[in-house]
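Note sheet for the following structure.
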Protein chains: 2
Amino acid sequence: MKDTEQSIIEAAILIFNEDLSAPLEKVADQAQVTRRTLHRYFKDRKELMDKCQKEIRKACAIAMSNAYNTTENPRERLEAMFYAGLDCGSKNTFLHKLHTLHDHKHQAANEECSEYDHTFELWKGNLQVLLTKGVLNQGMTVDWIHNFFQSVVVVFINSQQKGVLGRPEARELAWFSFSKGIGI
Amino acid sequence: MKDTEQSIIEAAILIFNEDLSAPLEKVADQAQVTRRTLHRYFKDRKELMDKCQKEIRKACAIAMSNAYNTTENPRERLEAMFYAGLDCGSKNTFLHKLHTLHDHKHQAANEECSEYDHTFELWKGNLQVLLTKGVLNQGMTVDWIHNFFQSVVVVFINSQQKGVLGRPEARELAWFSFSKGIGI
DNA sequence: GTAAAGTGTCTCATATCTGTGACATTTCGA
DNA sequence: TCGAAATGTCACAGATATGAGACACTTTAC
């Protein structure tokens, strides 16, 4: 029964991703659990949020790292890491969202920010390689591409939620939109 | 002094776009106004939210309609309406977000939903024309493109908030990413 | 079958959010 | 400068969210 904690975290990521200040009752409902049970696993809102971030960073960092190591070719790495990011779904986009809030001051000194930076270190590094090689469209920046990437993940998630498009088809479309959109 | 109401609406769109359940105090702060003043203009949260949606739909519908009428060429219309959507910024994306929440049941019967549909009627209609003409990538759907469009607007907004990219450059990049991403 | 662990239900105290009244202060136009 | 409109300050009641205790019920492991 110890995956209750995990399912609450998953639910929280889903809910908070759409509504940062949503009442905890919504999270509990999504996890099919009582609010009382939620509080047994997480002292308060902050602790739950922290666990969410930890979970997200772990999952994304592992997925990205695995994808990175499947090949040494930067172009192939891009594609592998793109699909890995897609599969992280809302974990990916939620983490990104937290660090692009308009009142969020990003600073490497902050531990959470530096962990965020580290999560996408390999990904951004590989982008930089492709940029300097001239493989991608001139005028692109690493930040633009990274934001663009996150946005495409959102599109993918939406299409999956609506269920009108199969997962493989959506993955293909996503890669098409992303790769062409950065000038490959 | 009657633009206080307008500035509160703008603030609300900015805040609610990031945090749907944010306390009204945050909106008031963003608008550099007291919560008491906010309540003088808006009876309650719901009324404020409604005014936001009305404002958004008006602005987006006008912008889209104007762009539509600048030309009769579907390909040129696409570009004109794309830029119009960009300029609507977070108004555009917030409206879209409200209608893609995972627990939102979209139904034409609902007045707000039908107004939403109407706002993007011309835009989607034009997309359909381009699709049947075979101008765009096969396998694309109107919904995918529309979601993709909304996502690119988010990327554009983020880049403007960070201020690292000039507006004209960002607009060009956005159009590049969007047009290539749908197979033009 | 039994004990232990996990959950649900009910309850309650506290905190935060919300909406409004009363009145002071500021702003702006005549 | 004067008066009206707009806004701020403070104070308050009601609503909602939060976190935890007490105890019953269910599930799981042995």
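Proteins come first, then strands; the chains are lettered A, B, ... in the order of their sequence lines, and each starts at number 1. Every value quoted in this text rests on a predicted model; they were computed, and no experiment measured them.
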Item checked: Contacting residues from residues 47-56 of chain B, given that a heavy atom lies under 4.0 angstrom of DNA chain C -> none
Checklist line | Closest non-hydrogen atom pair, B:Glu5 against B:Phe42 | finding: CG-CZ, 3.7 Å
Next item on the list: Side chain of A:Leu24 only, please: which of D:dT18, C:dG8, C:dT18 is the nearest?
Entry: D:dT18
Next item on the list: Inspect the surroundings of CD in B:Glu172 and state if more than 12 heavy atoms from other residues, nucleotides or ligands are less than 6.0 Å away.
Entry: no
Item checked: Student check: side-chain heavy atoms of A:Leu48 and A:Lys43 closer than 4.5 Å -> no
Next item on the list: Specify the separation, in whole Å, of atom CG of B:Asp3 and atom P of D:dA5.
Entry: 18 Å
Checklist line | Side-chain donor/acceptor of A:Arg36 to base of D:dG21, under 3.5 Å | finding: yes
Next item on the list: Specify whether B:Phe178 and B:Phe82 have parallel, tilted or perpendicular ring planes, treating 30° as the upper limit for parallel and 60° as the lower limit for perpendicular.
Entry: parallel
Notebook entry, point to check: Does one hydrophobic cluster hold both A:Leu86 and A:Leu14, with members joined at side-chain heavy-atom distances below 4.5 Å?
Noted result: no
Note to self: Testing A:Lys46, A:Gln53, A:Lys54 one by one against A:Asp50 for a side chain to side chain donor-acceptor pair (under 3.5 Å), which residue passes?
What the structure shows: A:Lys46
Checklist line | Selection: residues 11-23 of chain B, any non-hydrogen atom under 4.0 Å of DNA chain D | finding: none
Check: Between the base of C:dG8 and the side chain of A:Arg40, is there a donor-acceptor distance below 3.5 Å?
Finding: yes
Margin query: Heavy atoms from C-beta onward define the side chain here; which of C:dT9, C:dT20, D:dG19 lies closest to that of A:Arg35?
Written below: D:dG19
